[in-house]
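Note: hydrogens, waters and symmetry copies are ignored here, and every other heavy atom, side chains too, is used.
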Amino acid sequence: MKKKIVVTGGTGYIGSHTAVELINEGFEVILIDNLHNSESIVAERIGEITGINPHLEVFDLCKRKKVRSFFRDNPGISAIIHFAAFKAVGESVNKPLEYYRNNLVSLINLLEAMKESGIPSMVFSSSCTVYGQPEKLPVTEDAPVQPAISPYGNTKQIGEEIIRDTIAATQGMKAIALRYFNPIGAHPSGLIGELPRGVPENLVPFITQTAIGLRDELKVFGDDYDTPDGSCIRDYLHVVDLAKAHVIAVKRLLSQSHKNNYEVFNLGTGTGVSVLEAIKSFEKVSGLKLKYTVTGRRAGDIEKIWADPSLANRELGWKTESSLDDAMKTAWEWEKNIRNKFKSS
């Protein structure tokens, strides 16, 4: 019998790619999403890619009664991968209460339901923002968690603390927190990818929307940072590589091969790339010249960060396989599909 995995935020960017990889590995997948920043048609596109349509439940995880009733009505779930959260650093600075309510209440409701239903395992979508501006680079899992620079980052810090404390108090419960660096790109099929509502907060969707003509120009937030070209540095990894890490983490939890009931892993390439370097990569793979201007720094942004992924490489047997150019190419193909192939769907 196939093991049943719930993916919250399952029609979202990372959730949808992870659902594909789970199905390809023989798991039964149930998606939960309130469609705040995604579309229900994504579930059908997951089916197109895999040949198996995942079941989609549309509701808000902040509604406690609905969460409890869902898990009562769906016995036999082996693990939850929890993606569902608001995720824009800049927006969180302007709307802190919305971020705290959405990201933390949903997590608490899930953990309560896990205890009530006897679901032992969770993979938590965390973030490198928990490190703030780290004192040493690259960042290892032993780096001190710094005071969060944004409410979004703080919700990830607090979320990890809530999970850790719950596991310490609950026999048989275990979790892995995956601290992502910067996921970019899209599935090579061109059927799923990042599709933010409104003005994108992340760099690559803004790049591709500018290139396709949806945005007048890209704004580069600051060129006076202490970096080689003055722009912020991040660790960009392909979303399919990231999705595969979640499958490995689930298997680790189910096989009892985890070393502790609560583990943390950084997921990144180990290479820092500046905003201006990312733009050059896109221009190379697309053959286009991107229109951009440099503006002032953005609240909540840190100067530079990239991962030391050696623990994940060693313990999970995971590593990134795709290059920055690969990711930019798939992101551009996805953007063209959205505006042309899918615009009538």
Less than 4.0 Å between a side-chain N and a carboxylate O, is that true for [Y] and [X]?
| X | Y | result |
| --- | --- | --- |
| Lys336 | Glu333 | yes |
| Lys244 | Glu25 | no |
| Arg179 | Glu141 | no |
| Lys66 | Asp60 | no |
| Lys156 | Glu160 | no |

Can you tell me how far the [atom1] atom of [X] sits from the [atom2] atom of [Y], to the nearest 0.5 Å?
| X | Y | atom1 | atom2 | value |
| --- | --- | --- | --- | --- |
| Tyr100 | Glu98 | OH | CD | 13.0 Å |
| Leu290 | Phe206 | CG | CZ | 10.0 Å |
| Thr295 | Leu218 | OG1 | CG | 9.0 Å |
| His238 | Asn182 | NE2 | CG | 14.5 Å |

State whether the number of non-hydrogen atoms from other residues, nucleotides or ligands found under 6.0 Å of [X] atom [atom1] is greater than 12.
| X | atom1 | value |
| --- | --- | --- |
| Arg72 | CZ | yes |
| Lys329 | NZ | no |
| Gln256 | CD | yes |
| Asp216 | CG | no |
| Lys280 | NZ | no |
| Lys63 | NZ | no |

Heavy-atom pair with the smallest gap, counting every atom of [X] and [Y]:
| X | Y | result |
| --- | --- | --- |
| Thr155 | Tyr99 | CG2-O, 3.8 Å |
| Tyr262 | Ala177 | OH-CB, 3.5 Å |
| Asn53 | Gly47 | OD1-CA, 3.0 Å |
| Ala307 | Pro138 | O-CB, 3.4 Å |
| Val139 | Asn266 | O-ND2, 2.9 Å |
| Asn202 | Pro205 | O-CD, 3.4 Å |

*Given the side-chain rings of Phe83 and His17, with only the six-membered ring counted for Trp, is the space between their centroids under 6.0 Å?*
no
_Non-hydrogen side-chain atoms of Leu31 and Ile46 separated by less than 4.5 Å_ = yes
